[in-house]
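Throughout, protein chains are lettered first and strands after them, A, B, ... in sequence-line order, and every chain is numbered starting at 1. Note that the structure is a prediction, hence the values are computed from the model and not measured.
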There are 2 protein chains.
Amino acid sequence: MPEKKVGRPRGFDREQALNAAVTVFWEKGYDGTSMRDLTDAMGINSPSLYSVFGDKQQLFMAAIDHYSQNFGKSPISAFNDETDIKKAIIAFLETGITEDDSTPEHPKGCFISSCVPTSAGHVEGATEKLQHIIKGADSLFAARFEEEKSRGSLPADFPSEERARLMFDLRQGHVLRARADLPSARIEADLESRANMILSY
Amino acid sequence: MPEKKVGRPRGFDREQALNAAVTVFWEKGYDGTSMRDLTDAMGINSPSLYSVFGDKQQLFMAAIDHYSQNFGKSPISAFNDETDIKKAIIAFLETGITEDDSTPEHPKGCFISSCVPTSAGHVEGATEKLQHIIKGADSLFAARFEEEKSRGSLPADFPSEERARLMFDLRQGHVLRARADLPSARIEADLESRANMILSY
DNA sequence: CCAATTATGTAACGATCGTTATCAAATAAA
DNA sequence: TTTATTTGATAACGATCGTTACATAATTGG
């Protein structure tokens, strides 16, 4: 698997360093994070950071992608793993809420929803990343609803796209509450009712 | 109304300067905004800023309050102004969406929802401001639902607090979409359905 | 062993950061 | 007109910003 042969071998793990960068950006946002913060957390010097990740902005983009494919993916995975559609919806929302304040070593809320929007419009690429993620979620949920329809577990005229957006939008409220350090207990109690609502027709 | 008598009179309008500060923070967030950005936009020098607003962090807090009582208030006002509860819900969501990308001189999305969460946890006071605003919205909506119940326009066992949270959470999805510069047309088409959902029982 | 190549660590670059000292300008009170 | 008081503008403070030159270390291919 390691392709490189010539030259001094790299002394750190790229993915591990990227993980550390995610955590820092997640905590302080793009502009609140300094190169010093990053190199400290990643355990490397800035020349190494620049040679591997480009610059701060490119590292931020890489952090968004990395988060999306790891922490950010688990609510989606929980959704996909449930065969029953109602359970899938609850699993998505529930996993999200749990993730929002899971380990004390991670900041509250979702990195994408809590930190990236601030950068949209003045940090290059941020808006595009957001759009891609939102559209991805919308169409993933909508596709699942369509699948359920073709399977007969949802009525033929169920408004898949509208309810997909609804699911995603609800989640954003949960994220904001978590980021604000408000208790998730009351929201979790709402989940059953909310899933019913998303599916009602 | 002007109380001051002695000394050189102030050469700028406090509220006007605060408005300019809001716009800059709204665009770039707390850490992305420099003192230079602020003094340029506000049309004053930094010593004036410090004497009137304290420091950058205190100005940020003042900006949050000012936004809440102006731009941020209009969806709430639209809600309060409607006597019919369903129309009130639609007015709240619709006014919010319209406000999210109204004038080109204002950044997209809601300042509070788009920019303040990034600062929660590492800018003093941000978390508390968010908590206060969220709780305020929750209880405003819940109180209105309770009022409707006592008037008989909602069933006696209508879950006011849960639906209040639901309304607020939905709004957060709209804000994220607007900040990501996604079209609001499809979301606006959902409003009727969403209002029905919030009121359904 | 000797190039060639790649990564690391140090240290520095100019620029900008948030904040404040200093002094001149403008007003009210005496 | 003087004195007291407050605001204005200029300029500077040390610190930190993101980024990069440069020399050294560690590896592979000859």
Q | Integer-rounded Å distance: C:dA7 P and A:Arg14 CZ | A | 13 Å
Q | Check: A:Asn45 side chain, A:Ser48 main-chain N or O, donor-acceptor pair, under 3.5 Å | A | no
Q) Salt bridge between A:Arg144 and A:Glu147, side-chain N to carboxylate O under 4.0 Å? A) no
Q | Length of the line joining B:Leu38:CG and C:dT16:C1', which is rounded to integer Å | A | 14 Å
Q: Measure the distance from CE on B:Met42 to C1' on D:dG8 and round it to the nearest whole Å.
A: 15 Å
Q) Are the side chain of B:Tyr67 and the backbone of B:Phe111 linked by a donor-acceptor contact shorter than 3.5 Å? A) yes
Q: Say whether, by atom type as modelled, one donor and one acceptor occur between the side chain of A:Thr39 and the main chain of A:Arg36 under 3.5 angstrom.
A: yes
Q: Find the distance B:Asn45:CG to C:dT22:P and express it as a whole number of Å.
A: 18 Å
Q | Interatomic distance, A:Phe12 CZ vs C:dT8 C1' [rounded to whole Å] | A | 10 Å
**Q.** Contacting residues from residues 22-36 of chain A, given that a heavy atom lies under 4.0 angstrom of DNA chain D
**A.** A:Thr33, A:Ser34, A:Met35, A:Arg36
Q.
Measuring centre to centre across the rings, with the benzene-like ring taken for any Trp, is A:Phe158 within less than 6.0 Å of A:Phe145?
A. yes
Q. Which angle, rounded to 10°, do you find between the first-five-pair axis and the last-five-pair axis of the helix from C:dC1-D:dG30 to C:dA30-D:dT1?
A. 0°
Q: Compute whether any side-chain donor of one residue and acceptor of the other, for B:Asp37 and B:Ser34, lie under 3.5 angstrom apart.
A: yes
**Q.** Distance, rounded to the nearest Å, where B:Arg8 contributes CZ and C:dA25 contributes C1'
**A.** 4 Å
Q | Shortest non-hydrogen separation from B:Gln131 to A:Asp181 and the atoms involved | A | NE2-O, 3.6 Å
**Q.** N/O donor-acceptor pair under 3.5 Å between A:Thr118 side chain and B:Ser114 backbone
**A.** yes
Q.
Under 4.0 Å, heavy atom to any atom of DNA chain C: which of residues 46-66 of chain B qualify?
A. B:Ser46, B:Pro47, B:Tyr50, B:Asp55, B:Lys56
**Q.** Neighbour count >12 (heavy atoms, 6.0 Å) for atom NZ, A:Lys86
**A.** yes
Q. Considering residues, nucleotides and ligands other than B:Glu124, do more than 12 of their heavy atoms fall under 6.0 Å from its CD?
A. no
**Q.** Partner of B:Asp100 under side chain to side chain donor-acceptor pair (under 3.5 Å), chosen from B:Lys108, B:His106, B:Arg171
**A.** B:Arg171
